[in-house]
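One structure is given here, and the rest of the page talks about it.
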Number of protein chains: 2
Amino acid sequence: MDTLLKAIAEPKRRDIIRLVWARELAAAEIAEYFPDVTRSAISQHLTVLRKNGVIHERREGTRRLYSVNRGEIIKLRAFLDSFWSDSLERLRDIAEVSELQKRAS
Amino acid sequence: MDTLLKAIAEPKRRDIIRLVWARELAAAEIAEYFPDVTRSAISQHLTVLRKNGVIHERREGTRRLYSVNRGEIIKLRAFLDSFWSDSLERLRDIAEVSELQKRAS
DNA sequence: TGCTTACGTAAGTGTCAACTAACGAAATAG
DNA sequence: CTATTTCGTTAGTTGACACTTACGTAAGCA
């Protein structure tokens with residue numbers, strides 16, 4: 001979940017998500033929307049998004065078509081929703097945060 | 001907004017937010033919940049959260065009491081909500097993302 | 001005035017992330 | 001088979017970030 005949040009904290013990656021939200025796009029088509037960085041940079045962003053399950057890759061000849069994996073987005077949204085709305089109730093009891101901390105270490 | 005998202009992508013900072021969500025806590029009290037890092041590390045996390053408007057600092061004698069600034073959390077939530085839900089509609093028109101990119105460069 | 005408490009801040013370190021330039025791989029066209 | 005297209009990957013650089021150690025500061029107390 002940490003890496004997923006970090007993936008979305010990067011503005012170019014959010015733009016990529018928006019680009020492939022409604023339709024499939026090939027890597028080169030995506031890269032065209034970012035004139036001031038190289039294809040390589042975009043390819044690496046695509047790798048990050050793919051490894052976090054945010055986008056799906058489909059090969060067609062020499063091209064690779066990307067589209068959003070909405071299931072993963074929904075998961076992230078659910079995580080954040082519970083973060084906002086449950087924080088008050090859950091953490092009135094401090095013990096739970098202690099647990100989180102112990103697990104993290 | 002970028003720095004705000006990065007602030008939340010850090011797990012210890014999310015824990016801090018949860019800690020001061022329901023009640024004010026002094027810096028030392030917050031640090032107690034993180035036994036495996038120094039006070040200094042927590043202080044720096046508090047600075048990041050404060051500079052992003054996520055938490056509010058109130059001085060009382062030598063102590064500094066922190067609490068969540070819910071307004072900023074609500075802003076972030078609204079931003080993400082519109083990110084999820086509007087992405088399809090907004091970005092069916094590719095021009096808008098182009099605009100985003102040009103502004104970012 | 002000193003001493004202590006409760007903090008932040010500065011300096012330095014190791015690690016990771018974003019990027020460019022150069023190369024490699026795989027499918028297709030001729 | 002060779003050349004081209006469409007991509008990913010590797011190597012190397014730069015900057016950001018989480019962290020520790022050490023020091024600075026401001027309030028309260030003897």
Side-chain angles (χ1 to χ4, degrees), chain A residues 1-17 19-20 23-67 100-105, chain B residues 1-17 19-20 23-67 100-105:
Chain A
M1 184 56 66
D2 278 5
T3 57
L4 185 51
L5 274 168
K6 280 177 186 167
I8 297 222
E10 170 62 39
K12 286 199 184 62
R13 285 197 287 260
R14 284 202 306 277
D15 286 343
I16 291 174
I17 292 171
L19 275 170
V20 298
R23 63 202 175 301
E24 274 187 330
L25 282 180
E29 295 174 312
I30 295 169
E32 281 173 14
Y33 291 101
F34 302 93
D36 43 348
V37 287
T38 57
R39 263 189 327 98
S40 181
I42 300 303
S43 180
Q44 288 173 51
H45 280 313
L46 289 171
T47 300
V48 170
L49 290 172
R50 184 172 44 75
K51 285 189 175 168
N52 280 285
V54 178
I55 58 174
H56 174 253
E57 180 190 301
R58 183 171 72 87
R59 303 199 182 187
E60 195 181 73
T62 70
R63 307 202 313 161
R64 303 198 187 187
L65 300 168
Y66 292 95
S67 56
L100 285 173
Q101 172 55 20
K102 281 168 197 162
R103 241 180 291 151
S105 63
Chain B
M1 184 57 64
D2 279 5
T3 56
L4 185 51
L5 274 168
K6 280 176 187 167
I8 298 228
E10 169 62 40
K12 284 198 183 62
R13 285 197 287 260
R14 284 203 305 279
D15 285 344
I16 291 173
I17 292 171
L19 275 170
V20 298
R23 64 204 173 302
E24 274 187 331
L25 282 180
E29 294 173 314
I30 295 169
E32 282 173 14
Y33 290 101
F34 302 92
D36 43 348
V37 287
T38 57
R39 259 191 331 100
S40 181
I42 300 304
S43 179
Q44 288 172 50
H45 280 312
L46 289 171
T47 300
V48 170
L49 290 172
R50 184 173 44 76
K51 285 190 176 167
N52 280 285
V54 179
I55 57 174
H56 175 253
E57 181 190 299
R58 184 171 73 85
R59 303 201 183 186
E60 195 181 74
T62 70
R63 306 203 311 164
R64 304 199 185 186
L65 301 167
Y66 293 95
S67 55
L100 284 174
Q101 171 56 19
K102 280 168 198 162
R103 243 178 292 151
S105 63

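Note on naming: letters A, B, ... go to the chains in the order of the sequence lines (proteins, then strands), and numbering restarts at 1 for each one.
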Q | Donor-acceptor contact below 3.5 Å, side chain B:R50 vs main chain B:I55 | A | no

Q) Nearest to the side chain of B:R63, which nucleotide is it out of C:dC7, D:dT9, D:dT6? A) C:dC7

Q) Atom CD of A:E57 and atom P of C:dA27: how far apart are they, to the nearest Å? A) 12 Å

Q) Within less than 4.0 Å of OP1 or OP2 of C:dA21, is there a side-chain N or O belonging to A:T38? A) no

**Q.** Residue B:A26, side-chain heavy atoms: nucleotide from C:dC7, C:dT9, D:dT9 that is nearest
**A.** C:dC7

Q. If you find the nucleotide of DNA chain D closest to A:K6 and the one closest to A:S43, which residue's nucleotide is nearer the 5' end?
A. A:S43

Q. Roughly how many Å is it from CD1 in B:I8 to C1' in D:dC17, rounded to a whole number?
A. 17 Å

Q. Please give, in whole Å, the distance from D:dT20 P to B:Q44 CD?
A. 9 Å

(Q) Distance criterion of 3.5 Å, no angle test: do you see the side chain of A:S40 paired donor-to-acceptor with the base of D:dT9? (A) yes

Q: Please determine if a side-chain N or O atom of B:K12 lies less than 4.0 Å away from the OP1 or OP2 oxygen of D:dC19.
A: yes

**Q.** Shortest side-chain distance from B:T62, nucleotide among C:dT5, D:dA18, D:dC7
**A.** C:dT5

Q. For the side chain of A:Y66, counting heavy atoms from C-beta on, which of C:dC19, D:dT9, D:dC7 is nearest?
A. D:dC7

Q) How many angstroms lie between atom CG of A:N52 and atom OG1 of A:T47, to the nearest 0.5 angstrom? A) 11.0 Å

Q. How long is the line joining CD of A:E32 and P of D:dT6, in whole Å?
A. 10 Å

Q.
Output the rounded distance in Å from NE2 (A:H45) to C1' (C:dT20).
A. 12 Å

Q) What integer distance in Å separates A:I42:CD1 from D:dG8:C1'? A) 14 Å

**Q.** side-chain hydrogen bond (donor to acceptor under 3.5 Å, both in side chains) partner of B:E24, the single match among B:R64, B:H56, B:R58
**A.** B:R58

Q: Measure the distance from CD1 on B:I16 to P on D:dC19 and round it to the nearest whole Å.
A: 9 Å

Q. How close or far is atom P of D:dA26 from atom CZ of B:R64, stated in whole angstroms?
A. 10 Å

Q: Select one nucleotide: of D:dT5, C:dG8, D:dG8, the one nearest the side-chain heavy atoms of B:A27.
A: C:dG8

Q | Audit row: B:Y33, B:I42, side chain to side chain contact (heavy atoms under 4.5 Å, CB included) steps and yes/no | A | CA-CA 10 Å; B:Y33 290 101; B:I42 300 304; over 6 Å; no

